Amino acid sequence: MPKNKKRNTPHRGGSGGGGSGAAAATAATAGGQHRNVQPFSDEDASIETMSHCSGYSDPSSFAEDGPEVLDEEGTQEDLEYKLKGLIDLTLDKSAKTRQAALEGIKNALASKMLYEFILERRMTLTDSIERCLKKGKSDEQRAAAALASVLCIQLGPGIESEEVLKTLGPILKKIICDGTASIQARQTCATCFGVCCFIATDDITELYSTLQCLENIFTKSYLKEKDANVICSTPNTVLHISSLLAWTLLLTICPINEVKKKLEMHFHKLPSLLSSDDVNMRIAAGESLALLFELARGIESDFFYEDMESLTQMLRALATDGNKHRAKVDKRKQRSVFRDILRAVEERDFPTETVKFGPERMYIDCWVKKHTYDTFKEVLGSGMQYHLQSNEFLRNVFELGPPVMVDAATLKTMKISRFERV
């Protein structure tokens, strides 16, 4: 984790439990005229709209093809020209057109570093995202929140991303807490709020407020005394999962005193989520517990958990789960994850993972680093590889060192097929 992200400096917290082990070798980077784009009406937002967006409105087009799109199909100017058109389309009257434009911009930013381009248009993009979050419906709000996350990843820590968060934070919080809003929109906003706060917040009060907002959501899944032994999932469960994961991410950048408070509050309640009938909630709770143990032991090497025997019994049961009522895929996934969680809790052991991107290797050797990597990979998709090579913010987070420029010929030899990507 980054050397400038220590838990005792509140706005740039730290690794909590493990070294970096990252080996950096090479990074990939790549280097018109603006036309007026006519807005579309609701009636016109179909084939013509998709054609106008030139493929970038397809949520998978940029994410799948990544920076190779530029090498093979155009230039930096072509990309910027198309992005200018997409930015204009975020103001269109048609909701479908706006959503497609948001998704196209998001996929472009996830697949290529465009810092200078977006820096000049940061306020315009922020205004568009704000408008779509306020006035849009579920899918448009999700697209806007997803774009906000990638926008902050591109900008990195600093005054620009702080202003993005200052503008969008209250709206994201309102949507997350709005019981009448779409669950899917609230879920994406929760992830966005956590990611943007992790990157941008320079205000300890705002960090604590965000933690509290997310906490108020996922704790609704805690087992109540009147409940049975199993927590039954509800439509809100996906929101609770995203809120828990975002909360766990932010806990890694909190000052030590705040971490201690949160450990005292949640260490004995969080295990109740292991009894959820939703496999993703069980896994999210288990991984969060492993990370909490890592943080606690980073603060006090002789940390003692009084309910250890009961907890390890639950973890062992999940690691060897043979419940015939569960789907086979769920059981395999669960058993694999909980074997690692059990080892972490019982033996303080973490099975080091190797992430390959281009000629580089990064070693994930602690739960804090794993959770951070998983979070940003969820946001960036297959663009995570490119950002690990080129994005200074992420390279700082994972202690990879500064990006190293390579020529186009070398870059071409580094390409791997989409099926080999992380």
Side-chain angles (χ1 to χ4, degrees), residues 27-35 37 49-92 96-129 132 139-140 142-156 160-161 164 168 188 192 195-196 199 357 376-394 403 411 415 418 421:
T29 58
Q33 170 182 343
H34 182 43
R35 65 176 176 180
V37 181
T49 301
M50 298 304 105
S51 174
H52 182 84
C53 291
S54 303
Y56 294 107
S57 58
D58 175 4
S60 63
S61 61
F62 245 125
E64 289 182 354
D65 295 329
E68 292 95 305
V69 169
L70 286 182
D71 299 335
E72 298 169 0
E73 298 176 10
T75 65
Q76 181 80 8
E77 286 186 359
D78 291 336
L79 174 60
E80 292 185 2
Y81 174 77
K82 290 173 179 177
L83 283 174
K84 288 173 184 176
L86 290 175
I87 291 172
D88 285 343
L89 287 176
T90 62
L91 303 176
D92 197 84
K96 288 183 180 179
T97 303
R98 294 194 302 271
Q99 180 189 337
L102 292 166
E103 290 172 346
I105 299 167
K106 180 261 182 183
N107 290 325
L109 300 188
S111 301
K112 181 156 184 66
M113 285 303 299
L114 296 161
Y115 179 79
E116 296 298 334
F117 177 84
I118 66 168
L119 190 62
E120 295 176 4
R121 297 161 180 81
R122 170 180 53 84
M123 294 181 68
T124 302
L125 280 169
T126 304
D127 288 345
S128 293
I129 293 169
C132 293
D139 289 343
E140 185 177 346
R142 293 178 69 189
L147 174 55
S149 297
V150 181
L151 177 61
C152 281
I153 292 172
Q154 284 265 348
L155 292 171
E160 292 83 7
S161 56
V164 172
L168 301 181
T188 306
C192 173
V195 168
C196 293
I199 297 168
F357 48 101
F376 283 98
K377 185 174 184 300
E378 179 186 352
V379 173
L380 293 169
S382 60
M384 183 68 173
Q385 281 199 339
Y386 182 81
H387 277 264
L388 284 174
Q389 293 180 61
S390 307
N391 186 312
E392 291 187 13
F393 159 66
L394 280 184
L411 178 60
K415 293 180 188 176
R418 69 185 61 175
R421 296 174 185 166

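No experiment lies behind these values; they were computed from the predicted model shown.
- When every heavy atom of A108 is checked against every heavy atom of L114, the shortest pair comes out as O-CD1, 4.2 Å.
- For the pair I118 and Q154, the tightest heavy-atom approach, listed with the atom from each and the gap, is CD1-CB, 3.3 Å.
- For the atom pair NZ of K84 and CZ of R121, the computed distance is 5.0 Å after rounding to the nearest 0.5 Å.
- To the nearest 0.5 Å, atoms OH (Y115) and CZ (F393) are separated by 13.0 Å.
- The minimum heavy-atom distance between L91 and S128, with the atom names listed, is CD2-OG, 4.1 Å.
- In this structure, the side chain of S161 engages the main chain of G156 through a donor-acceptor pair within 3.5 Å.
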Derivation and outcome, side-chain contact (heavy atoms from CB on, under 4.5 Å), residues E140 and L102 | CA-CA 8 Å; E140 185 177 346; L102 292 166; 4.1 Å; yes

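- Side chains of C196 and V164 form no contact here, defined as non-hydrogen atoms less than 4.5 Å apart.
- At a cut-off of 3.5 Å, with distance as the only test, no side-chain donor of Q389 or Q385 sits close to an acceptor on the other residue.
- No side-chain heavy atom of T75 sits less than 4.5 Å from a side-chain heavy atom of Y81.
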Distance-only check: which donor-acceptor pairs under 3.5 Å involve side-chain atoms of residues 142-151, not counting sequence neighbours?
from	atom 1	to	atom 2	distance (Å)
R142	NE	T188	OG1	3.4
S149	OG	A145	O	3.4

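- Of the inter-residue distances, the one linking N391 atom CG with L388 atom CG reads 8.5 Å to the nearest 0.5 angstrom.
- Between L155 and I199, every side-chain heavy-atom pair lies at or beyond the 4.5 Å cut-off.
- Under the salt bridge (charged side-chain N to carboxylate O under 4.0 Å, His left out) criterion, R122 pairs with E163, not counting sequence neighbours.
- Rounded to the nearest 0.5 Å, atoms CD1 (I153) and CE (M384) are 8.0 Å apart.
- Of all the heavy atoms in Q76 and K112, the pair that sits closest is OE1-CE, 3.0 Å.
- Between H387 and the choices V379, L109, L380, the side-chain contact (heavy atoms from CB on, under 4.5 Å) rule is met once, by L380.
- Atom-to-atom distance recorded for E120:CD and M123:CE is 14.0 Å, nearest 0.5 angstrom.
- To the nearest 0.5 angstrom, K106 atom NZ is 14.0 Å from L86 atom CG.
- Listed by chain and residue number, nothing satisfies the side-chain hydrogen bond (donor to acceptor under 3.5 Å, both in side chains) test with E160 (two or more places apart in sequence, or in another chain).
- Judged by distance alone, the side chain of T90 and the main-chain N or O of I87 form a donor-acceptor pair under 3.5 Å.
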